[in-house]
Amino acid sequence: MKTEAILLAKRPVGLPGPDTFEFVQRDLPELRDGELLLRTLWLSVDPYMRGRMNDVKSYTPPFPVGEPIRGGGIGEVVESRHPAFRPGDLVTGDLPWQRHAVSDGRGIRAVPAGLTPVTAALGVVGMTGLTAYFGLLEIGRPKPGETVVISGAAGAVGGVAGQIAKLNGCRVVGIAGSQEKVRYITEELGFDAGINYRTDDLRSALREACPNGVDVYFDNVGGAVTDAVVFQMNDFGRIILCGQIAAYNLERPELGPRLFPLFVMRRLSAQGFIVSDFSRRFDEGTRRLAAWHQEGRIQSRETVVEGFERLPDAFLGLFRGDNIGKLLVKVADPEHR
Ligand SMILES: NC(=O)c1ccc[n+]([C@@H]2O[C@H](COP(=O)([O-])OP(=O)(O)OC[C@H]3O[C@@H](n4cnc5c(N)ncnc54)[C@H](OP(=O)(O)O)[C@@H]3O)[C@@H](O)[C@H]2O)c1
């Protein structure tokens with residue numbers, strides 16, 4: 001059987017372009033004992049994939065050139081010679097950018113029964129939610145009454161992090177790239193205030209939105225947005241370095257204003273983390289996120305791009321700010337439901 005795949009054609013320099021990706025037909029191997037054949041239904045596109053396109057030492061190995069790009073996905077089991085899965089099961093895990101895939105079941109698990117929509121397994125109740133949960137609560141350690149600022153606030157991780165901060169009794173201010181996104185975080189997600197970093201004067205808007213200063217900063221973005229927030233940090237403020245998307249396509253690091261004197265004066269701390277640092281506690285995080293999601297205490301929109309062939313452009317949309325909430329690509333409908 002043949003299937004369509006999208007390979008990493010070459011390592012991009014700066015923003016990836018059409019020549020970064022190659023569409024090919026690939027042969028799928030015959031199914032052996034212990035394996036399952038999956039039909040891909042959904043694929044998640046995520047900023048960290050940009051880092052895996054570079055040949056650098058990191059917490060995950062780079063994508064090999066000439067091999068399919070991979071990421072979180074949801075598939076339907078078409079055929080199974082694996083004891084844990086049956087045809088029709090919906091599973092989630094690390095999948096190649098292919099319409100069909102053969103898996104030995106490692107890193108694949110059932111989508112939790114009753115999860116609605118099932119795509120929450122890639123968002124609020126998946127890696128996105130776990131990143132927000134552990135980043136905010138374990139690295140940021142917010143206390144009730146503190147002010148938490150979130151950059152990339154209308155994105156997948158930022159939106160969940162802000163709502164968890166609200167559940168913990170904090171004042172929450174989000175920074176995002178459009179008026180529509182500011183409305184989304186304040187009117188739908190319940191943030192106390194929102195700032196449009198493209199049109200507002202960031203430093204004065206932050207002073208106004210954070211009259212008591214900033215205690216915890218959940219940073220998804222970096223660059224000039226982060227410089228502006230650091231100026232408003234209170235003594236002993238905590239900075240959660242979750243992501244630095246403003247830097248992912250830079251050809252060389254940007255040397256902006258050097259803010260470390262402020263770190264000294266205000267005794268700030270900044271800590272990077274990777275969600276997998278907390279993998280031993282994923283069950284706990286997933287349980288709490290699923291309960292909040294089910295009770296409607298955490299909302300999240302999805303931005304859905306339809307069509308396997310649109311995966312590369314959907315991925316690039318992350319860097320244009322195309323998405324509100326979790327950005328997903330719908331590849332196919334399930335056949336067995
Ligand atoms: N540490 C971890 O384990 C971990 C795990 C998952 C994700 N992350 C990181 O968390 C961050 C958010 O990930 P996500 O999946 O939730 O993505 P996302 O926020 O849903 O999507 C990316 C958003 O980033 C904003 N953006 C893009 N380029 C920007 C720029 N130059 N300056 C400012 N904002 C920019 C855009 O929104 P605007 O319209 O607002 O600009 C865009 O919608 C990323 O940095 C990602 O790498 C870290």
Side-chain angles (χ1 to χ4, degrees), residues 14-16 43-54 58-60 71-72 119 122-124 126-136 138-140 149-164 173-186 189 191 194-200 202 217-229 239-250 254 256 270-279 281-282 285 300-305 314-329:
L15 190 68
L43 286 167
S44 167
V45 284
D46 294 85
Y48 77 87
M49 293 172 167
R50 175 64 188 87
R52 292 195 70 186
M53 293 176 180
N54 298 335
S58 183
Y59 59 95
T60 41
T119 45
L122 300 174
V124 179
M127 199 261 287
T128 296
L130 291 167
T131 303
Y133 179 87
F134 289 110
L136 182 78
E138 296 299 325
I139 312 290
V149 170
I150 316 246
S151 60
V157 172
V160 178
Q163 291 174 90
I164 298 175
V173 176
I175 305 174
S178 72
Q179 279 318 108
E180 188 191 0
K181 291 186 179 192
V182 166
R183 271 198 303 279
Y184 166 66
I185 59 174
T186 52
L189 305 188
F191 284 44
I195 296 171
N196 178 346
Y197 73 87
R198 291 186 201 274
T199 55
D200 296 346
L202 252 182
Y217 173 41
F218 193 108
D219 187 17
N220 288 308
V221 161
V225 169
T226 293
D227 293 344
V229 180
I239 300 171
I240 306 156
L241 295 172
C242 175
Q244 297 282 290
I245 196 167
Y248 292 174
N249 291 306
L250 295 179
E254 203 176 44
Q271 187 180 334
F273 80 102
I274 297 298
V275 61
S276 53
D277 300 341
F278 296 93
S279 55
R281 292 178 55 196
F282 277 1
S300 180
R301 263 203 227 172
E302 291 175 347
T303 298
V304 175
V305 173
F315 167 69
L316 294 176
L318 290 165
F319 303 101
R320 296 188 295 258
D322 287 356
N323 59 308
I324 291 190
K326 181 77 195 98
L327 185 53
L328 295 167
V329 175

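Note that ligands are numbered from 1 as they come in the structure, with each ligand's atoms numbered from 1 the same way. Since this is a predicted model, take the numbers as computed values, not measurements. Values below: every heavy atom of this structure, side chains too, minus hydrogens, waters and symmetry copies.
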Considering only the protein, which heavy-atom contact is closest to [atom], and what is its distance?
atom	answer
atom 11 (C) of ligand 1	Asn220 OD1, 3.4 Å
atom 4 (C) of ligand 1	Thr131 CG2, 3.5 Å
atom 36 (C) of ligand 1	Gly321 CA, 3.6 Å
atom 47 (O) of ligand 1	Tyr248 OH, 2.7 Å
atom 41 (O) of ligand 1	Tyr197 OH, 2.5 Å
atom 17 (O) of ligand 1	Pro47 CG, 3.4 Å
atom 23 (C) of ligand 1	Leu318 O, 3.9 Å

N/O of [X] under 3.5 Å from N/O of ligand 1, yes or no?
X	answer
Ala246	no
Gly155	no
Asp322	no
Ala156	yes

For the residue pair [X] and [Y], what are the closest heavy atoms and their distance?
X	Y	answer
Lys181	Asn323	NZ-O, 3.0 Å
Arg301	Tyr184	N-OH, 3.1 Å
Val225	Leu202	CA-CD1, 3.8 Å
Gly14	Arg50	O-NH2, 2.8 Å

Which is it for Ile150 and Asn220 under the side-chain contact (heavy atoms from CB on, under 4.5 Å) test, yes or no, and what are the steps along the way?
-> CA-CA 8 Å; Ile150 316 246; Asn220 288 308; 4.1 Å; yes
Does Thr303 use its side chain to pair, donor to acceptor, with the backbone of Leu327 at less than 3.5 Å?
->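 No, Thr303 side chain to Leu327 backbone: no donor-acceptor pair under 3.5 Å.
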Any atoms of ligand 1 less than 4.0 Å from a non-hydrogen atom of [X]? List them with their elements.
X	answer
Gly177	38 (P), 39 (O), 40 (O)
Gly243	9 (C), 45 (O)
Val221	32 (N), 33 (C), 34 (N)
Gly325	20 (O)
Val275	2 (C), 3 (O)
Ala176	40 (O)
Met127	5 (C), 6 (C)
Ile245	22 (C), 24 (O), 26 (N), 27 (C), 28 (N), 29 (C), 35 (C), 45 (O)

Min side-chain heavy-atom separation [X]-[Y] under 4.5 Å:
X	Y	answer
Ser151	Tyr197	no
Glu302	Leu122	no
Phe282	Val275	yes
Thr119	Lys326	no
Leu43	Phe315	no
Phe218	Val157	yes

Does some non-hydrogen atom of [X] fall short of 4.0 Å from ligand 1?
X	result
Cys242	yes
Arg198	yes
Leu327	no

Give the contacting part of [X] toward ligand 1: side chain, backbone, both or neither, where contact means a heavy-atom distance below 4.0 Å.
X	value
Lys181	side chain
Gln244	backbone
Glu180	neither

Going from OG1 on Thr131 to CZ on Phe273, what distance comes out if it is rounded to the nearest 0.5 angstrom?
->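 So the gap between those two atoms works out to 5.5 Å.
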Taking the minimum heavy-atom distance to atom 16 (O) of ligand 1, which of Ile175, Val157, Ile274 ranks first?
->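 Residue with the shortest heavy-atom distance to the ligand atom: Val157.
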Just going by heavy-atom distances, which of Val45, Asn323, Ile324, Ile240 is nearest to atom 20 (O) of ligand 1?
->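 That would be Asn323.
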Would Tyr48 and Asp46 satisfy side-chain hydrogen bond (donor to acceptor under 3.5 Å, both in side chains), going step by step from the backbone distance to the final call?
-> CA-CA 6 Å; Tyr48 77 87; Asp46 294 85; 4.8 Å; no
Check the pair Ile175, Val229 against side-chain contact (heavy atoms from CB on, under 4.5 Å), reporting the backbone distance first and the verdict last.
-> CA-CA 10 Å; Ile175 305 174; Val229 180; 3.7 Å; yes
Parallel, tilted or perpendicular for Phe319 and Tyr248, by the 30°/60° rule?
->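 Rings of Phe319 and Tyr248: perpendicular, as their planes differ by over 60°.
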